Amino acid sequence: MYPYALIDLHCDTLTALSPEDEPLLASLRDPAQRREAASVLTSRAGVTDNTLDLPGRHFSLSAIPEGVRWCQCCAIFIPDGLAQEEAVAYYDLYQRSFHRQMAVLSDKVFPCRTAADVESAWAQGRAAAILTVENGSALAGRLERVEVLARDGVRMMTLTWNGENEIGSGNGTDHGLSHFGREAIRALEQAGIWVDASHLNDKGFDGLLETAEKPFVASHSNARTVCGHRRNLTDEQIGEMVSRRCLIGLNYYNAFLREDGLPATLDDLWRHVEHFLELGAEHCLALGSDADGADLPSGLDSPERFAGLYAYFLDRGLSPAAAEGILWKNAFAFFKTQNI
């Protein structure tokens, strides 16, 4: 029995391909063929598969350890390179899939829009699920779509993925925010959708700092001083997020934990935790696993092992209060103060 809760700010489980489909996609070398095959496969999965409860995934509702009050942010991941109408259709497919799965799996999970909803789900012995979006291409360059996402229950959106969209540039490009991007940030804040800085490049992050009026999130980003990948946060960015009472989710992806190509371990994650704490981020730090969207270490590849971080953090010398802060209390306090 685990006497605590866990909140995970990011997984790609909702839109992840089935394991049997991935070899087929990997075998296709022509970009057009890959794009067409991915569209067919993801459309089929979005309509028929209960992707949030499949065996063998990093995250599965049935694999949550008994006694853990779990809250999972479930991202609709939208690939770069889609035309505007394709991005909208992709988003629509998976928001319908999310709500269908919430109904079919209602004995295990409850869709949540507010902190009170999360508490209610836990009181009923069910997991809490929060719908999010990864890639602001879901807006298709139209501010009125912010209200569409809000009505659908979306509570967080990354502004970009790795490439460029109408909002701005991800870490694979070198431009900043567009004029529309700055307008979108203000509209997201007004609609109660958290702005997510993960995947932004440094110019885009600077633009976010200039534009944001509310605390924002980096749902799945680590410390660049510890691992030099450009997807990770600089010390200056972390300092800004601490001063603004933002929220930072630790990412378990091997390549964001260490940069030498060797398999990452729990101790590599701990190096990031230590650095964040040295920068004063104790009350900003949370979990953002990137489950089913990245190559995770063997010690962090299942809900049981995610939950085991509590004991690991205690073994490394964290107080119970600090360990619970990272696992759930910091995120839950952010939920409450940001009125979700």
Side-chain angles (χ1 to χ4, degrees), residues 1-2 4-22 41-78 90-134 138 149-157 219-220 249 287-294 296 300-307 327-328 331-332 335 340:
M1 182 68 71
Y2 297 80
Y4 51 84
L6 187 148
I7 297 176
D8 183 353
L9 298 177
H10 184 82
C11 79
D12 289 299
T13 312
L14 179 64
T15 57
L17 290 176
S18 298
E20 60 268 23
D21 292 331
E22 290 172 353
L41 294 172
T42 54
S43 294
R44 187 185 71 203
V47 171
T48 64
D49 287 352
N50 291 331
T51 51
L52 298 175
D53 200 32
L54 293 177
R57 295 292 183 94
H58 293 147
F59 174 76
S60 172
L61 288 165
S62 294
I64 294 174
E66 183 178 357
V68 178
R69 293 165 292 157
W70 198 287
C71 176
Q72 185 65 56
C73 293
C74 301
I76 299 174
F77 163 63
I78 302 175
Y90 201 99
Y91 165 81
D92 286 341
L93 172 71
Y94 280 104
Q95 70 86 10
R96 292 195 302 270
S97 175
F98 175 82
H99 290 294
R100 178 189 60 77
Q101 291 186 59
M102 292 299 102
V104 172
L105 303 170
S106 61
D107 59 324
K108 300 175 182 177
V109 65
F110 183 76
C112 297
R113 300 186 181 209
T114 68
D117 287 344
V118 174
E119 289 183 305
S120 178
W122 288 348
Q124 298 170 43
R126 293 192 280 178
I130 295 174
L131 184 61
T132 71
V133 169
E134 185 172 28
L149 269 61
R151 288 197 300 269
D152 290 340
V154 172
R155 283 295 170 261
M156 176 166 60
M157 188 184 81
S219 65
H220 54 305
L287 303 178
S289 68
D290 215 354
D292 298 305
L296 305 191
L300 279 170
D301 60 359
S302 70
E304 183 176 7
R305 288 170 174 164
F306 297 172
L327 257 72
W328 73 279
F332 192 73
F335 291 4
I340 81 132

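Note that this is a predicted model, so its numbers are computed, not measured.
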Any side-chain heavy atom of [X] sitting closer than 4.5 Å to one from [Y]?
| X | Y | value |
| --- | --- | --- |
| Thr114 | Glu119 | no |
| Cys74 | Leu52 | yes |
| Asp8 | Phe59 | no |
| Gln101 | Val109 | no |
| Leu14 | Leu131 | yes |
| Pro303 | Pro65 | yes |
| Arg155 | Phe335 | no |

Would you confirm whether [X], through its side chain, and [Y], through its main-chain N or O, come within 3.5 Å as a donor-acceptor pair?
| X | Y | result |
| --- | --- | --- |
| His99 | Pro111 | no |
| Trp122 | Trp70 | yes |
| Tyr90 | Ile76 | no |
| Asp152 | Leu149 | no |
| Gln72 | Ala127 | no |
| Glu134 | Asp12 | no |

Using the test side chain to side chain donor-acceptor pair (under 3.5 Å), find all partners of [X] that sit at least two apart in sequence or belong to another chain.
| X | result |
| --- | --- |
| Asp292 | Thr13 |
| Ser60 | Asp53 |
| Asp92 | none |

How many angstroms lie between atom [atom1] of [X] and atom [atom2] of [Y], to the nearest 0.5 angstrom?
| X | Y | atom1 | atom2 | value |
| --- | --- | --- | --- | --- |
| Leu296 | Ser289 | CG | OG | 6.5 Å |
| Leu9 | Thr132 | CG | OG1 | 9.0 Å |
| Arg57 | Asp301 | CZ | CG | 14.0 Å |
| Ile7 | Arg69 | CD1 | CZ | 9.5 Å |
| Cys112 | Met102 | SG | CE | 9.0 Å |
| Arg113 | Arg151 | CZ | CZ | 10.5 Å |

Exercise. For His220, enumerate each residue passing the ring-ring contact (aromatic ring centres under 6.0 Å, His included) test, keeping only those at least two apart in sequence or located in another chain.
Key: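 Per chain and number, His220 pairs via ring-ring contact (aromatic ring centres under 6.0 Å, His included) with His10, His199.
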Quiz prompt | Non-neighbouring partners of Tyr91 that pass ring-ring contact (aromatic ring centres under 6.0 Å, His included), sequence neighbours left out | solution =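 Tyr91 satisfies ring-ring contact (aromatic ring centres under 6.0 Å, His included) with no other residue.
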Practice problem: Identify, with sequence neighbours excluded, every residue that meets salt bridge (Lys or Arg N to Asp or Glu O under 4.0 Å) alongside Arg126. | Solution: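 Partners of Arg126 by the salt bridge (Lys or Arg N to Asp or Glu O under 4.0 Å) criterion come out as none, since no residue qualifies.
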Practice problem: Might you work through the side-chain contact (heavy atoms from CB on, under 4.5 Å) test for Leu6 and Phe306, ending with a clear yes or no? | Solution: CA-CA 8 Å; Leu6 187 148; Phe306 297 172; 4.1 Å; yes
Quiz prompt | Heavy-atom closest contact (Tyr4 atom, Ala307 atom, distance) | solution =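 That would be OH-O, 2.5 Å.
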